[in-house]
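Worksheet: the structure to be examined is printed underneath.
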Amino acid sequence: MSKRIVVDPITRIEGHLRIEADIENGKIVNAFSSGTMVRLLEEILKGRDPRDAWAFVGRVCGVCTSIHSVTSVRAVEDALDIVIPPNAELVRNIMNCALYMHDHVVHFYHLHAMDWVDVVAALKADPKKTSELAQSISKWPKSSPGYFSDLQTRIKKFVDSGQLGIFSNGYWGHPAYKLPAEVNLIGLAHYLEALEWQKEIVKIQAIFGGKNPHPNYLVGGMACAIGIDDVSGINAERLAYVDQLLKDGKEFIEQVYIPDLMAIASFYKDWGAIGGGLGNYLVYGDIPTNGIRDTSSYKFPGGAILNKDISKIHEVDLRKDDEVQEFITKSWYEYKEGDQKGLHPWKGESKVKYSGPKPPFEHLNTDEKYSYLKTPRWKGHAMEVGPLARVLVGYAKGRPEFKEVVDKALKDLNVPVAALFSTLGRTAARGLECLLTAQWGREFFDQLVTNIKNGDTRMADSTKFDPSTWPKTAMGVGHAEAPRGALAHWINIEDQKIANYQLVVPTTWNASPRDSKGQMSAYEAALIDTPVADEKMPLEILRTIHSFDPCMACSVHLYDENGKTISRISVLGD
């Protein structure tokens, strides 16, 4: 007989996510994923100027920083047939690469590493052996015996005081932890170093976008002006600073993140057969090098993989009604035509109809609606999006950059390609594409500097800034590859205002509830057959769910124009 356990909220993520899992004979036999908060930014945007949408949707999340904003301006540019100048594309690409570098490092060390690294066990490490190991896998300068000894002393004070601070509430000592004490100590040291590093790389967003985590964007290009000798513009000094930040970021990723990733993975190769889930992968494509319309120029090629068959890549068209659809059979929403029919986002509706129990409650009623996330499907298929999907599509398409990093990782770990379809593969793929984006960021920066030296300082196309030149009605779709996966915004414009706006975000693809056919989404499917050694400390559930880097939406309340609460959802009980 199975026993149901609940993890709510799953920590070290943005927002609220509940997982219920049925365990039988030490393995998960059924699982349910529930988003327990509501955004409704789609409703807030109705009636507003399309050129302002980026500023609202950028506030969906403070973790992903700029990716929603750039997706939004792409949607409006698509609707109004605006082509941005090359420099604007390069700046957007540099900002996206910086976002990847920041987001993936933060995920690995601060959101996921403690699922593999036992902080308390690091106290047993020999600092001298730790130093020797660290120096054998990397040239990173902070690796002396004294450095690790001092760190150990600091952590021991936390442990002895009973106050672990940022390391509280971990499942330390869990039997699923396998790392030697010295590897634990290296991971812990770099966790703390990454805290310092991450605040530097985001300065690129602030230099080009004016601030972070919500930098400024502009329909038609970028709002930053290039002026080599202008103290208020993107001048030589600021460009030199960006250059140094990109170099430093690339060095940290190559000498700290990747060596740590490979060292930790080598002790958890059994997780190369756990958490594979759907075997279906979806990528829209991103990082254009010749305009967003030239899909062949994308650094991240688009496509879909079904049933782990990497010999065939299916084309993806976000405009076709029968490709991307959102279902609400198990979601707390309602459609005018009923709950069984899926809607393409251009025809999407976002009306909440909560029918669940008042929190706190013991278990979800999974026979009915049980999540605030809708359920997107591609041609009727449940799909996984994210770094693993991107790496698999790039690898399957034979892109040399992807082949090089993937083949090297497989060789170093001595595992087959099939090991990519797993929790471990998902975690490794994030690091590999972080390595690639660090390289691409340098390429884009060099191209930008070359353009400027050749006299091209254009940053925006102003020909369609005047709304009187717009058509009476227009539709557009903007897409991107957010760090967590395929992201798209669909917009309908009528009489110069937003008539409808729909976001389908990566975690909606991965974390959504079952559809009308009973198909699981990526989180639920990935948990099936996952071993659980201790039901009271479900570390294994965290490993698989955190490997997706879940990011739930942030907006819980709706207000009228006077600031009065008109709807409030109690997600954890009052």
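Position 1 is the first residue of the sequence; numbering continues from there.
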Taking atom types as modelled, find out whether E401 and W440 have a side-chain donor-acceptor pair closer than 3.5 angstrom. yes

Step through it carefully: locate the ring centre of Y217, locate the ring centre of F208, and say whether they are under 6.0 Å apart. no

With a 3.5 Å distance limit and no angle check, can you tell me whether T508 reaches the backbone of V504 through a side-chain donor-acceptor pair? no

K299/E443 ion pair, N-O < 4.0 Å: yes

S143 and S131: CA distance, side-chain angles, deciding distance, side chain to side chain donor-acceptor pair (under 3.5 Å) verdict: CA-CA 5 Å; S143 58; S131 175; 5.1 Å; no

Any side-chain to backbone donor/acceptor pair from E524 onto S33? Under 3.5 Å, distance only. yes

Is any side-chain heavy atom of D534 closer than 4.5 Å to a side-chain heavy atom of Y171? no

So which heavy atom on I204 is nearest to which on I94, and how close? CG2-CG2, 4.0 Å

Under the side-chain contact (heavy atoms from CB on, under 4.5 Å) rule, what do L261 and F108 come out as? Steps first, then yes or no, please. CA-CA 8 Å; L261 171 65; F108 179 73; 3.8 Å; yes

Lys/Arg-Asp/Glu bridge criterion (N-O < 4.0 Å) met for D22, R4: yes

Is any side-chain N of the basic residue among R154 and D150 closer than 4.0 Å to the acidic one's carboxylate O? no

How far apart are the C-alpha atoms of F548 and Y523, what are their side-chain angles, what is the distance that settles it, and do they pass the ring-ring contact (aromatic ring centres under 6.0 Å, His included) test? CA-CA 8 Å; F548 289 92; Y523 285 10; 4.8 Å; yes

Verify side-chain contact (heavy atoms from CB on, under 4.5 Å) between F402 and L432, making sure each step is shown before the conclusion. CA-CA 8 Å; F402 288 90; L432 298 182; over 6 Å; no

Start with the C-alpha gap between K247 and E251, add the side-chain angles, then the distance that decides, and say whether salt bridge (charged side-chain N to carboxylate O under 4.0 Å, His left out) holds. CA-CA 6 Å; K247 287 178 179 176; E251 181 182 31; over 6 Å; no

Using the rule given for side-chain contact (heavy atoms from CB on, under 4.5 Å), can you reason through T530 versus I528, listing the C-alpha separation, both sets of side-chain angles and the distance that settles it, and then say yes or no? CA-CA 5 Å; T530 295; I528 303 302; over 6 Å; no

Flag the pair E433 and R430 as a salt bridge only when some basic side-chain nitrogen lies within less than 4.0 angstrom of an acidic carboxylate oxygen. no

Look at the side chain of S371 and the backbone N and O of L373, then say whether any donor-acceptor pair between them is shorter than 3.5 Å. yes

Taking all non-hydrogen atoms of both residues into account, name the closest pair between L278 and E384 and its distance. CD1-N, 3.9 Å

I'd like to know if the side chain of R484 reaches the main chain of P506, judged simply by a donor and an acceptor atom lying under 3.5 Å from each other, with no hydrogens or angles considered. no

Sidechain N-carboxylate O distance under 4.0 Å for R426, D549: no

Cation-aromatic face contact K203/Y241, 6.0 Å, 45 degrees: no

With salt bridge (charged side-chain N to carboxylate O under 4.0 Å, His left out) as the criterion, how do D407 and K411 come out once you've worked through the C-alpha distance, each side chain's angles and the decisive distance to 0.1 Å? CA-CA 6 Å; D407 286 340; K411 181 180 179 181; over 6 Å; no

More than 12 heavy atoms of other residues, nucleotides or ligands under 6.0 Å from NZ of K124: yes or no? no

Taking everything shown except E404 itself, do over 12 heavy atoms lie less than 6.0 Å from its CD? no

With salt bridge (charged side-chain N to carboxylate O under 4.0 Å, His left out) as the test, would you mind laying out the steps for R18 and E20 before giving the verdict? CA-CA 7 Å; R18 178 186 180 96; E20 296 194 5; 2.9 Å; yes

Classify the ring geometry of F300 against Y100: parallel below 30°, tilted from 30° to 60°, perpendicular beyond 60°. tilted

Pairing of R442 and D243 as salt bridge, 4.0 angstrom limit: yes

Compare all side-chain heavy atoms of I23 with those of V29 and state whether any distance is below 4.5 angstrom. no

So which heavy atom on P538 is nearest to which on V7, and how close? CG-CG2, 3.7 Å

Centroid-centroid distance, Y268 to W116, less than 6.0 Å: yes

Heavy-atom donor-acceptor pair, S66 side chain to S69 backbone, under 3.5 Å: no

Distance-only, no hydrogens or angles: does the Q152 side chain make a donor-acceptor pair with backbone N or O of L123 under 3.5 Å? yes

Can you confirm whether or not the ring centre of Y370 sits under 6.0 Å from the ring centre of F32? yes

Are any of the side-chain nitrogens in D115 or R543 under 4.0 Å away from the carboxylate oxygens of its partner? no

Taking NZ in K269 as the centre, count heavy atoms belonging to other residues, nucleotides or ligands within less than 6.0 Å. Is the count above 12? yes

Smallest heavy-atom separation, C434 atom then I253 atom, equals SG-CD1, 3.5 Å

